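Below you'll find the structure, written out as structure tokens, and then a few comments.
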Protein chains: 2
Amino acid sequence: MPREVTVGLHATIVAVTGAEPRVLTVSGGADDGAPALPFGPLDPDRHRTLELGLRAWVRGQTGKDLAHVEQLYTFGDRDRGGAADERARVIAVAYLALVRERHLAAGHPAAWQAVYRFLPWEDRRGGEPALLRDRIRPALDAWIAAAPAGAARRERRGRADITFGSGAAPWDAERVLDRYELLYEAGLVAEARRGGGPGDGGAASDPAGFGAPLALDHRRILATALGRLRGKLKYRPLVFELLPEAFTLLQLQRTVETLAGVRLHKQNFRRLVERGALVEGTGRVEPATGGRPAKLFRFRREVQHERPAPGVGLPGLPVADS
Amino acid sequence: MPREVTVGLHATIVAVTGAEPRVLTVSGGADDGAPALPFGPLDPDRHRTLELGLRAWVRGQTGKDLAHVEQLYTFGDRDRGGAADERARVIAVAYLALVRERHLAAGHPAAWQAVYRFLPWEDRRGGEPALLRDRIRPALDAWIAAAPAGAARRERRGRADITFGSGAAPWDAERVLDRYELLYEAGLVAEARRGGGPGDGGAASDPAGFGAPLALDHRRILATALGRLRGKLKYRPLVFELLPEAFTLLQLQRTVETLAGVRLHKQNFRRLVERGALVEGTGRVEPATGGRPAKLFRFRREVQHERPAPGVGLPGLPVADS
DNA sequence: TTTGTAATTCTCATTGTGAGCATAATGAAC
DNA sequence: GTTCATTATGCTCACAATGAGAATTACAAA
């Protein structure tokens, strides 16, 4: 008898609070202790569309309506990081959702976690993190050297240079998934060492320094989500889904930086925002945040119907603030 | 008893021949006569991954191995353009595949069709097509005028301007899906008028001038594929999957133009290709194609490991050849 | 030889991007 | 009450990328 197929709707729900991007996780019910992304099964009888199905169970679990929702990717490997299920084949349709508040309905097993706990090498706001220099690059060098000399080794070297940046190639903030997959192939993230045995390398802490693991292939999904989010910031006004109604330009910039994982040049950032006519002043000012009071702005929703790609442009290179 | 879920793997197989992008279709087995994209069901027992499943049945059907394959989107609406199936909920995972040859194993019900038969407004190589000026824009104007005056109408106007271009917004070649969906909402494509009755508006010809329909939601899938392909051309060297081993720069340019649906400035195009070090000379020349003989080039596969985004840049604006 | 068609080389103006200087407006420290 | 730290805001400059086109070269066919 053929196995059945079930469809799981996975949500990567992202908010930004305290200058950190955070993701909603539930305590992992899987075979290891790692937290998991929340998900609900598709009810083929009740959910008219996949997205509506997702919204329905998220509302049921957290009492919140999702603002921005977009489909990310469909994962369907037979053994998605856990033990293969003998009874049913599980297909995971992953979504990215953005929410403003981090408030949760009380009594839920869900919790907000800093995204960079799971992908620490992605946060370069303070320059290249020591983790990258001291641990990841050496480990990658070893992985490269482990390949037979010649084309195979050059291939590994090239991939590492492109994904993690090097002299020639800068650092492409969007290649989040490429980087995670490279670390996975090199056997450096805990998930790669999970043979299927319970508790095998799946510690929720991060002793090795290569980021805390998530259940099954959920860290891959999170990497997909962060990469997509970073890419889309450039040409869609997504940041505003994460900000309060009124905000200062510095808040806006910090939120973008937080997601992009790099610092931006303040004056140029403002030039872009103004040129794009993305915001309009409210007339009010934010009472002193430590310096000269900042004007408060609100998002001009009309831009979406005015210009083709109204995003908060990320520059090519990460640039330090002056 | 809950309905079962089955997963279909849909392939948008694209090749470029005779200065036209073509897509592989099969004669529609659905409730109308429109052709369909080929697809095969996921076998949960035999296919280890979704992509392997797709490759397996494509190989079985056409005897060909796919070169480039990427996942596009997962469609799961209950009523995906056809009559709702009472027994099973069908989820469609759509893929884009690129192939070089258009040769088909003999005796197959598949056929290559020009992509622009289904999306005629997307081909602007000869300037804005008359279809757009004479039929689509007037029809859209009527649709806009049909909305209650005020915000609703401005919203429709804005969407039409952005997706189909206007004075302010140029023409964004990548917004293929947006355009199709707008035409669908405005009730202008045949699929939108299919109530479910057989033969209802599903004629394979194109009397109304809004493109030939495909079965179910397959034209939506095709639009997704073309949009993705156009976008990815810019930062990935995908064109070369569609070209022979050796080619002239004009062949390369024509292939890009064919997919992008716009003419490009020859000199600038060559500058981009050279600057990107995407190709290398073979030393041979193409014996006269009508003028001065052209050097033959081959793709430098190494670039993929050298630079982060080695694409054949599409310019922002469509520019006539000089 | 003339003509048509491409291939190839160069210029040039305009715009966009990365960086940095200078000035203004606050609250907190002394 | 002056100084200082901190942030907002305005302006300039160099340089790279882009869009457009002139000019020149190489070949086949008429």
Side-chain angles (χ1 to χ4, degrees), chain A residues 19 170-173 234-235 246-257 260 262-277 279-297 307-322, chain B residues 19 170-171 173 234-235 246-254 256-257 260 262-279 281-297 307-322:
Chain A
W171 167 267
D172 187 341
K234 290 183 188 164
Y235 60 95
F247 49 82
T248 69
L249 291 183
L250 187 58
Q251 274 182 285
L252 174 61
Q253 183 180 344
R254 291 283 181 253
T255 305
V256 173
E257 288 176 337
V262 294
R263 299 296 300 276
L264 302 173
H265 185 279
K266 187 193 279 191
Q267 295 93 322
N268 292 346
F269 179 82
R270 289 174 184 223
R271 176 171 61 188
L272 277 181
V273 172
E274 274 170 36
R275 181 164 55 76
V279 299
E280 60 190 0
T282 62
R284 292 176 294 144
V285 294
E286 172 72 17
T289 52
R292 172 174 169 173
K295 291 182 193 146
L296 282 166
F297 294 85
R307 294 191 304 109
V312 179
L314 292 182
L317 303 198
V319 177
D321 189 286
S322 79
Chain B
W171 167 269
K234 289 183 190 162
Y235 60 94
F247 48 83
T248 69
L249 291 182
L250 188 58
Q251 273 183 286
L252 174 61
Q253 182 180 345
R254 289 284 181 253
V256 172
E257 287 175 337
V262 295
R263 299 296 301 275
L264 303 174
H265 185 278
K266 186 192 280 191
Q267 296 93 322
N268 292 345
F269 179 81
R270 290 172 183 223
R271 177 171 61 189
L272 276 182
V273 172
E274 275 170 37
R275 181 164 56 74
L278 287 167
V279 299
T282 61
R284 293 176 294 145
V285 293
E286 172 73 15
T289 51
R292 171 173 172 174
K295 290 183 195 146
L296 282 167
F297 294 86
R307 294 192 305 108
V312 179
L314 292 182
L317 302 198
V319 175
D321 187 285
S322 80

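Order of the sequence lines fixes the chain letters, A, B, ..., with proteins taken first and strands second; residue numbering starts at 1 for each chain. All figures in this text were calculated on a predicted structure; none of them were measured in a lab.
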With A:Glu274, which residues qualify under side chain to side chain contact (heavy atoms under 4.5 Å, CB included), at least two apart?
-> none
What heavy-atom pair brings B:His265 and B:Gln253 nearest, and what distance separates the two atoms?
-> C-NE2, 4.2 Å
What is the distance from CG of A:Leu264 to P of C:dG20, rounded to the nearest Å?
-> 15 Å
When rounded to whole Å, the NE2 to C1' distance for the pair B:His265 and C:dA6 reads 14 Å
Could you state the atom-to-atom distance from CG of B:Leu272 to P of D:dA20 in whole Å?
-> 13 Å
What protein N or O atoms touch nucleotides 8-12 of chain D N or O atoms at under 3.5 angstrom, if any, and at what distances?
residue	atom	partner	partner atom	Å
D:dA8	OP2	A:Lys266	NZ	2.6
D:dA8	OP2	A:Arg270	NH2	3.4
D:dA8	N3	A:Arg292	NH1	3.4
D:dT9	OP2	A:Arg270	NH1	3.2
D:dG10	O6	A:Gln267	NE2	3.3

For D:dT18, take OP1 and OP2 only and decide whether either is under 4.0 Å from a side-chain N or O of B:Arg275.
-> yes
Taken in chain and number order and not counting sequence neighbours, the residues that satisfy side chain to side chain donor-acceptor pair (under 3.5 Å) with B:Glu286 are none
Nearest heavy atoms of B:Ala173 and B:Ala260, plus distance in Å | CB-O, 3.8 Å
Gap between atoms CZ and P, on A:Phe269 and C:dG16 respectively (whole Å) = 18 Å
Can you name the side chain to side chain contact (heavy atoms under 4.5 Å, CB included) partners of A:Arg284, sequence neighbours left out?
-> A:Ala246, A:Thr282, A:Leu296
Just report the end-to-end axis angle for the helix from C:dT1-D:dA30 to C:dC30-D:dG1, five pairs per end, to 10 degrees.
-> 10°
Heavy-atom closest pair (B:Arg254 atom, B:Arg263 atom, distance to 0.1 Å) is NH1-NH2, 3.3 Å
A:Phe297: side chain to side chain contact (heavy atoms under 4.5 Å, CB included) partners, not counting sequence neighbours | A:Phe247, A:Leu249, A:Val279, A:Lys295
Once you round it to whole Å, what is the distance between P of D:dG19 and CZ of B:Arg263?
-> 16 Å
If every non-hydrogen atom of B:Gly311 is compared with every non-hydrogen atom of B:Leu278, which pair is closest and at what distance?
-> O-CD1, 3.6 Å
